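Report on the structure given below.
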Amino acid sequence: MEFDLWAQLPSVLPEIGLTALAIVVLFADCYGSQATRRNVVYISAVSMALLALVPLIWLPDPALYENGALLWGGMVNYDPLAQIFKVMLLLGGAVTCVLAAGDKGVGDKGEFYLIVIVATLGGMMMSSASDLILVFVALETLSIPLYMLASFRRGDQRSAESGMKYFLYGAFASAIMLFGFSLLYGFTGTTNLAAIADSMNSLGDGLVAVMAALVMVVLGFGFKIGAVPFHFWTPDVYEGAPTPVTAFVSVSSKAASFALLLRFMTAVFPADLVIAGVVIQDFWINLLVVISIISMSLGNIVALRQTNIKRLLAYSSIAQAGYTLIGVAALQGENPDLAVASVSFYMFMYIFTNLLVFGGAILFIAKTDSEEISDLAGLNRRSPWLALFMTIGLLSLGGIPPTAGFFGKFFLFQAAVNANLVGLALIAVTNAIIALYYYLVVIKVMYVDVGPDDDVAIGIPRVYGWSLGITALVVILLGTIIVTPIYNWATLGAAGL
Amino acid sequence: MEATGFSILTAIISIPLIAGVVILFLDGKNRDLVRGVGITAASAVLALSLAVFFGYDNFVKTSGGLVEQQMSMLAAGGQLSGTQMFADALAFEQRVIWVESLGIAYHVGVDGVSAPMVLLTGMVAVAGVLISWNITDRLREFMAFFMFLVAGVFGVFIAVDLFMLFFFYELAIFPMYLLIAGWGWVKLREYAAMKLTLYILVGSVFALVGAVAMYFVAGSYFSGPGAEVLQAAIASGILPADSGAYSWSIVQLTLAAENGAYAIDILGIEGLSFAKFWFPFMFMGFGVLAGVFPFHNWSPDGHVAAPTAVSMIHAGVLMKVGAFAALRAGVQLLAEGADAHLPWMVFLTLINVVYGALIAFRQRDFKYVIGFSSVSHMGLVSMGWATMNLTGMTGAGIQMFSHGAMTALFFGVVGMVYDRAHTRDIPSLGGFMKVMPWVGIAFVIGGLTSMGMPGLSGFIAEFPIFQGMWAASEQITLQLGIFELSNYYSVLVIISALGIVITAAYVLRVAGQVFFGEFDAARFHDVGNIEMTDRIVLIILGAPLIILGLYPPIMAPMIESGIRPLIALLGGG
């Protein structure tokens with residue numbers, strides 16, 4: 001095929017823009033004046049928000065993605081799935097920048113924004129990668145900046161410990177995943193995801209080896225999304241890392257990993273892959289169902305006992321990963337559109353929801369220097385808006401209308417029922433109730449309990465308040481009137497898989 | 001009826017929603033402004049719900065109206081289409097596509113069962129705002145959450161889309177949690193609020209999974225064997241022209257039910273049809289909120305712990321939301337399951353009636369008496385559903401309205417007494433008739449209603465329920481293994497009539513001890529009469545009890561017209 005630059009450029013345009021932005025931020029931080037350096041946060045945030053428009057302007061070409069045509073020498077697949085995840089990652093990055101702005105020791109350092117930009121770049125590459133090499137490069141482009149971020153407060157022991165833990169676990173998981181990739185390459189002699197499936201289909205035997213590769217890959221993904229039993233890093237890293245970093249880790253890495261998980265599983269281990277009479281899809285679906293159930297249950301039950309807000313959110317995020325895996329497991333249904341759409345929509349709303357909750361937590365922790373849930377007592381009196389924003393976020397995590405979480409959970413359950421996973425759906429709704437308990441406890445503490453500093457008002461800086469307010473509004477809108485366009489968009493995502 | 005443009009019902013949901021948001025943005029210190037916005041919104045909603053009620057009344061009763069249509073259909077005989085009757089009965093409809101690819105629509109409308117409920121909600125909304133007039137602690141948040149609660153409750157009653165029903169159902173629960181936990185009775189509120197929320201949500205999410213399953217079964221039916229049924233329904237105007245095979249419309253799901261889409265066997269078990277399997281989930285899932293035994297446990301604690309306005313809306317309206325949703329999503333959509341399960345579930349409702357009354361009799365706390373009496377009276381509603389005939393179900397429909405107004409009145413009375421006497425311990429109260437004659441009279445009216453005194457609405461409600469039970473007794477049998485139980489409904493009526501006697505006993509006991517007897521002037525020296533706002537509350541809630549009692553045709557034909565489609569769906573004549 002003739003190489004047509006203009007046809008292929010849109011697929012990586014936001015990535016190019018982000019790379020340029022990284023360079024600009026780097027120079028502005030190193031050589032800029034005092035005022036420029038202060039404004040790095042706005043440069044980053046606004047540029048990322050604007051870059052989120054790029055995939056909306058240069059749309060994926062249906063003629064290409066519906067035929068499985070790849071771009072850039074078979075490295076990149078630009079389809080609606082990649083598009084929606086790129087947009088959400090960029091928006092997530094932009095919101096993270098604003099939320100970090102006031103944080104001492106984090107937001108006042110220019111390199112923080114640089115690292116966030118590079119990590120987002122990695123996440124975006126993950127969402128469109130269609131080659132083992134690029135998959136791994138993208139994974140590491142996302143992961144390594146996150147290790148750095150976790151230990152960003154160098155002087156703080158907890159932060160350093162958190163970074164070290166994250167790095168050790170992450171390096172371990174990456175190595176195993178890479179070993180799985182090498183097995184896949186070994187059987188098939190190709191690194192292209194779709195081609196791997198084709199040549200495995202003609203393999204005829206080697207079931208054990210393929211299974212081994214599959215398990216290793218799932219393990220790597222399990223680590224990235226923080227699912228049980230690969231979750232051990234989550235609470236410690238969440239607790240130790242600076243709060244804006246925790247917010248970023250909890251959304252971006254998870255969203256990008258789910259995008260890749262959807263693409264990887266459907267491309268490499270599709271439904272028609274049968275080796276030695278064993279349908280490989282059945283195996284990994286069952287594996288994901290089991291991981292999903294234990295992630296939800298363990299995450300929620302352990303979260304019940306937490307007294308630290310960041311640890312609570314860490315366990316809640318483990319449970320949320322479990323819910324989202326329901327959508328991936330539902331790929332086995334007759335109608336994978338519903339499954340793909342449910343995962344995309346869930347991640348879309350999860351980014352805003354979690355950033356909203358963490359945004360509230362960042363401000364609270366910065367002002368009071370406490371991470372204990374009991375110290376949130378009387379927040380409604382101290383700062384009614386902050387309490388309201390956090391409440392909206394927590395309700396969305398709990399899946400209560402009119403917030404986005406209600407639709408997010410509903411789409412997942414619907415996909416599960418459609419895929420004949422009614423049992424899984426029932427376990428999930430039971431879990432949703434358990435989860436609601438601890439979210440409600442936090443809300444109760446904010447609205448009902450009386451704290452010692454009840455009269456000390458907590459002020460919200462203006463820009464911060466606006467960005468929280470807009471995020472809260474997005475969470476409400478996603479649960480009411482803009483649910484249709486976003487869901488329809490998410491439904492398109494299946495077309496390219 | 002055709003889906004039309006803007007509906008008055010949309011205004012009814014959006015006014016409290018908008019008012020709630022506006023109140024959140026007001027200055028919390030300016031209490032008069034907050035109250036003003038609150039009472040304006042509530043009064044507007046009451047006026048609109050009166051318009052809906054009487055508009056629907058007119059729609060039912062005019063010559064050529066709904067009743068005459070139904071009568072001529074009945075007279076024509078033959079197989080009646082329940083779906084057709086249900087679709088014809090809907091009025092004030094508005095339909096806007098929400099999530100097109102999934103067949104979710106914002107679709108509102110009222111029928112004969114929901115129109116009185118809309119009126120009831122409007123009444124309790126105004127009463128709730130008025131009785132919270134003197135709240136000083138974070139009035140702004142209180143009023144805003146109360147408005148959200150009211151909007152959620154309205155949404156459930158007027159939903160013609162099953163998804164929307166769930167949406168509003170869960171929307172109502174959260175503000176209720178905060179209202180109870182934040183403004184309730186200090187000793188109990190956190191425990192009670194959490195208990196209530198979890199109970200109700202557990203029920204509703206299980207029902208939600210059932211509803212999703214129902215949606216897919218109906219969808220695959222309409223895209224396969226039932227495609228012609230769908231086309232015929234669209235052609236005859238029962239369904240809008242843009243209806244897809246997969247839809248959450250209650251009309252369309254009812255159509256699937258009537259054509260046997262839910263009769264398929266599931267789990268590979270012979271005789272276990274889809275409808276039979278999911279009916280307990282749907283009926284009990286919502287029945288939790290109606291206080292059906294053994295899931296009634298949240299209710300007394302919840303009512304007692306809640307601030308007065310919330311107790312009123314909670315016992316008065318929300319329990320009806322549960323009973324109503326159980327009827328809509330359970331009995332109407334899974335009629336085959338209702339036929340199979342209600343004959344044994346009726347025993348649970350009997351326990352509600354008798355056991356609730358017995359416990360109420362034993363309480364020392366004034367508010368607990370009312371809380372358990374709600375459990376007892378709501379049992380009568382479920383018992384009415386279980387008769388599965390026109391008389392009994394109509395009685396249950398009237399009971400929903402009657403009990404709603406009555407129990408809201410009771411909680412209002414308790415609140416007024418407690419606010420002034422600072423105790424609810426029955427033995428230590430006494431002689432309050434002297435200082436609060438209005439409250440005493442209101443209690444007596446409510447009490448007489450609750451024991452079914454002719455001339456008050458309780459009689460109009462309870463008598464048909466019992467009559468329906470007798471009538472059903474001949475028809476319904478219950479197969480228990482090799483035993484067959486027949487004619488047992490009549491026995492149940494006799495036992496449940498006992499519940500009425502116990503009701504009379506506890507009402508008289510409370511009236512005697514609290515409002516008559518010795519007045520402890522030394523202890524209650526600062527207890528004075530009630531204010532104007534409180535009087536309005538008593539009138540708004542008390543007057544309908546008398547009006548309905550003296551002139552039942554104001555509501556009975558309407559509810560009958562709403563029940564007839566259900567009877568056709570249940571396979572009765």
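Just so it is clear, the structure is predicted and the values come from calculations on it, not from any experiment. Values reported hereafter were calculated over all heavy atoms of this structure, with side chains retained and with hydrogens, waters and symmetry mates removed. All chains are named by letter (A, B, ...) in the order of the sequence lines, taking the proteins before the strands, and each is independently numbered beginning at 1.
A distance of 5.5 Å separates OH in B:Tyr106 from CE in B:Met164, rounded to the nearest 0.5 Å.
Other residues, nucleotides and ligands place more than 12 heavy atoms under 6.0 Å from the OH atom of B:Tyr246.
In terms of heavy-atom pairs under 4.5 angstrom with chain A, the leader among B:Phe168, B:Phe166, B:Tyr215, B:Phe163 is B:Phe163. Chosen from A:Phe413, A:Phe410, A:Trp385, the residue pairing most often with chain B at heavy-atom distances under 4.5 Å is A:Phe410. Residue with the most contacts toward chain B among A:Asp449, A:Asn418, A:Leu436: A:Asn418 (heavy-atom pairs, distance under 4.5 Å). For chain B, the option among A:Ile443, A:Asp337, A:Thr403 with the highest count of heavy-atom pairs below 4.5 Å is A:Ile443.
Both the backbone and the side chain of A:Tyr437 have a heavy atom closer than 4.5 Å to some heavy atom of chain B. With a 4.5 Å cut-off on non-hydrogen atoms, B:Phe167 touches chain A through its backbone and its side chain both. Residue B:Phe148 does not touch chain A at all, counting heavy-atom pairs closer than 4.5 Å. Looking at A:Ile434, neither its backbone nor its side chain comes within 4.5 Å of chain B, counting heavy atoms on both sides. Of the atoms belonging to B:Leu24, heavy atoms from both backbone and side chain fall under 4.5 Å from chain A. Proximity to chain A involves both the backbone and the side chain of B:Leu171, based on heavy atoms less than 4.5 angstrom apart. For B:Thr197, the part lying near chain A is the side chain, with the backbone staying farther off; criterion is any non-hydrogen pair under 4.5 Å. Heavy-atom distances place the side chain of B:Leu102, and not its backbone, under 4.5 Å from chain A. At a 4.5 Å heavy-atom cutoff, the contact between B:Glu100 and chain A is made by backbone atoms alone.
Not a single donor-acceptor pair under 3.5 Å links the side chain of A:Glu334 to the backbone N or O of A:Ala419. Of the possible donor and acceptor atoms, none in the side chain of B:Ser101 sits under 3.5 Å from a partner among the backbone N and O of A:Asn488.
Relative to the six-membered ring of B:Trp183, B:Arg189 misses at least one condition, a distance below 6.0 Å or an angle of at most 45° to the axis. A:Tyr323 carries A:Lys409 over the face of its six-membered ring, with the cationic atom under 6.0 Å from the centre and within 45° of the normal.
Classified by interplanar angle (parallel below 30°, tilted 30° to 60°, perpendicular above 60°), the ring pair B:Phe274/B:Trp278 is tilted.
Note: A:Phe407 and A:Tyr487 fail the aromatic proximity criterion, with ring centroids not under 6.0 Å apart.
Using a 4.5 Å cut-off on side-chain heavy atoms (C-beta onward), B:Ser204 and B:Glu170 make contact.
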